[in-house]
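To start, the structure under review is shown below, and the notes come after it.
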Amino acid sequence: QITLMQSGGGSVQAGGSLRLSCATSPFTVRGHCLGWFRQVPGKGREAVATLYDVDGQTYYADSVKGRFAISQDIDENMLYLQMNSLKPDDTGTYYCAADESYAAFYCRETVAYGYWGQGTQVTVSS
């Protein structure tokens, strides 16, 4: 069951940029985790960047700090991940996710999310 529709991704050379987009359902009230997760073969999904819509608190994996940016357009029900200065290690399948949450701390954990996008491949060549 695909609840969230995402787009973007593709193949780029190292140093290039990509922007991922995710269409979320309208939120009547605040209190949601929004996130982007990456999965590589043999490992589970791990948080790349997350956002708590109550106060705008964000989390970034150490490996992407200063290069990636998560943002939300509330009026358009959209979630974005801007990826700059891409490295081969950024390669993987990226998923957007959303769900209700009572604390920002849990936004970095996959168990906090019940709604996921279909995933999109990002491949960065050296």
Side-chain angles (χ1 to χ4, degrees):
Q1 302 292 336
I2 300 176
T3 302
L4 310 179
M5 298 300 297
Q6 61 183 103
S7 61
S11 298
V12 299
Q13 298 286 328
S17 297
L18 288 172
R19 190 189 195 196
L20 307 183
S21 301
C22 179
T24 67
S25 60
F27 297 144
T28 302
V29 298
R30 291 185 173 183
H32 299 82
C33 287
L34 305 169
W36 291 96
F37 292 75
R38 182 175 67 231
Q39 186 170 28
V40 297
K43 298 187 67 176
R45 297 177 187 181
E46 297 184 345
V48 173
T50 68
L51 173 69
Y52 192 51
D53 69 358
V54 172
D55 56 7
Q57 183 175 163
T58 59
Y59 162 83
Y60 292 96
D62 289 341
S63 61
V64 307
K65 288 181 178 178
R67 300 188 298 115
F68 290 12
I70 186 172
S71 61
Q72 177 191 27
D73 187 325
I74 297 176
D75 292 336
E76 297 296 327
N77 306 310
M78 295 293 295
L79 180 71
Y80 301 101
L81 182 67
Q82 179 66 46
M83 303 183 291
N84 298 323
S85 301
L86 283 162
K87 304 175 180 179
D89 197 48
D90 297 321
T91 294
T93 303
Y94 285 73
Y95 299 85
C96 64
D99 210 344
E100 297 178 349
S101 181
Y102 54 83
F105 173 83
Y106 299 101
C107 294
R108 69 187 69 176
E109 304 294 338
T110 59
V111 295
Y113 299 90
Y115 304 94
W116 294 84
Q118 79 277 20
T120 184
Q121 180 67 30
V122 171
T123 301
V124 184
S125 59
S126 60

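Predicted, not measured: the structure shown is a model, and the values here were computed from it. Counting from 1, the numbers follow the sequence of the chain as shown.
Rounding to the nearest 0.5 Å gives a distance of 11.0 Å between CG of L81 and OG1 of T120. Put simply, CG on L18 and CE on M83 are 4.5 Å apart, with the number rounded to the nearest 0.5 Å. From S17, atom OG reaches atom CG of N84 across 3.5 Å, with rounding to the nearest 0.5 Å. Separation of atoms OG (S126) and CG (L86) is listed at 13.0 Å; rounding is to 0.5 Å. The CG atom of L79 sits 7.0 Å away from the OG atom of S71 when rounded to the nearest 0.5 Å. Here the OH-SG distance, from Y115 to C33, works out to 13.5 Å after rounding to the nearest 0.5 Å.
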task = Dump the intermediate steps for side chain to side chain contact (heavy atoms under 4.5 Å, CB included) on M78 and S21, then the final yes or no.
result = CA-CA 7 Å; M78 295 293 295; S21 301; 3.8 Å; yes
task = Kindly determine whether T91 and V40 satisfy side chain to side chain contact (heavy atoms under 4.5 Å, CB included), including the steps that lead there.
result = CA-CA 8 Å; T91 294; V40 297; over 6 Å; no
request  = With side chain to side chain donor-acceptor pair (under 3.5 Å) as the test, would you mind laying out the steps for N77 and T24 before giving the verdict?
outcome  = CA-CA 5 Å; N77 306 310; T24 67; 5.0 Å; no
inquiry  = Could you go through D73 and D75, starting from their C-alpha distance and side-chain angles, then the distance that decides it, and tell me whether this counts as side chain to side chain contact (heavy atoms under 4.5 Å, CB included)?
reply    = CA-CA 6 Å; D73 187 325; D75 292 336; 3.8 Å; yes
request  = Evaluate the criterion side chain to side chain donor-acceptor pair (under 3.5 Å) for residue pair Q121 and T93; output intermediate values, then yes/no.
outcome  = CA-CA 4 Å; Q121 180 67 30; T93 303; 3.0 Å; yes
From CA spacing to verdict: side chain to side chain contact (heavy atoms under 4.5 Å, CB included), R38, E46 = CA-CA 5 Å; R38 182 175 67 231; E46 297 184 345; 5.8 Å; no
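Ion pairing of K87 with D90 is absent here, as no side-chain N (NZ or NE/NH1/NH2) approaches a carboxylate O to less than 4.0 Å.
Within the cation-pi definition used here (under 6.0 Å to the ring centroid, within 45° of the axis), R45 does not qualify as a partner of W36.
For residues 90-112, the pairs satisfying ring pair (Phe, Tyr, Trp, His ring centres under 6.0 Å) are Y102-Y106, with sequence neighbours left out. Residue pairs satisfying the ring pair (Phe, Tyr, Trp, His ring centres under 6.0 Å) criterion with at least one member in residues 44-87, sequence neighbours excluded, are absent. Applying the side chain to side chain donor-acceptor pair (under 3.5 Å) definition to pairs two or more places apart or across chains, those involving residues 6-16 are Q13-S125.
No donor-acceptor pair closer than 3.5 Å links the side chain of T58 to the backbone N or O of T50. A donor-acceptor pair under 3.5 Å links the side-chain atoms of D53 to the main chain of G31, judged by distance alone. Using a distance-only test at 3.5 Å, with no hydrogens or angles considered, no donor-acceptor pair links the side chain of R108 to the main chain of A104.
Across all non-hydrogen atoms, the minimal contact from G56 to L51 is O-CD1, 3.4 Å. For the residue pair S101 and A103, the shortest heavy atom distance occurs at OG-O, 2.9 Å. Residues A14 and P88 share a closest heavy-atom pair of CB-CD, 4.2 Å.
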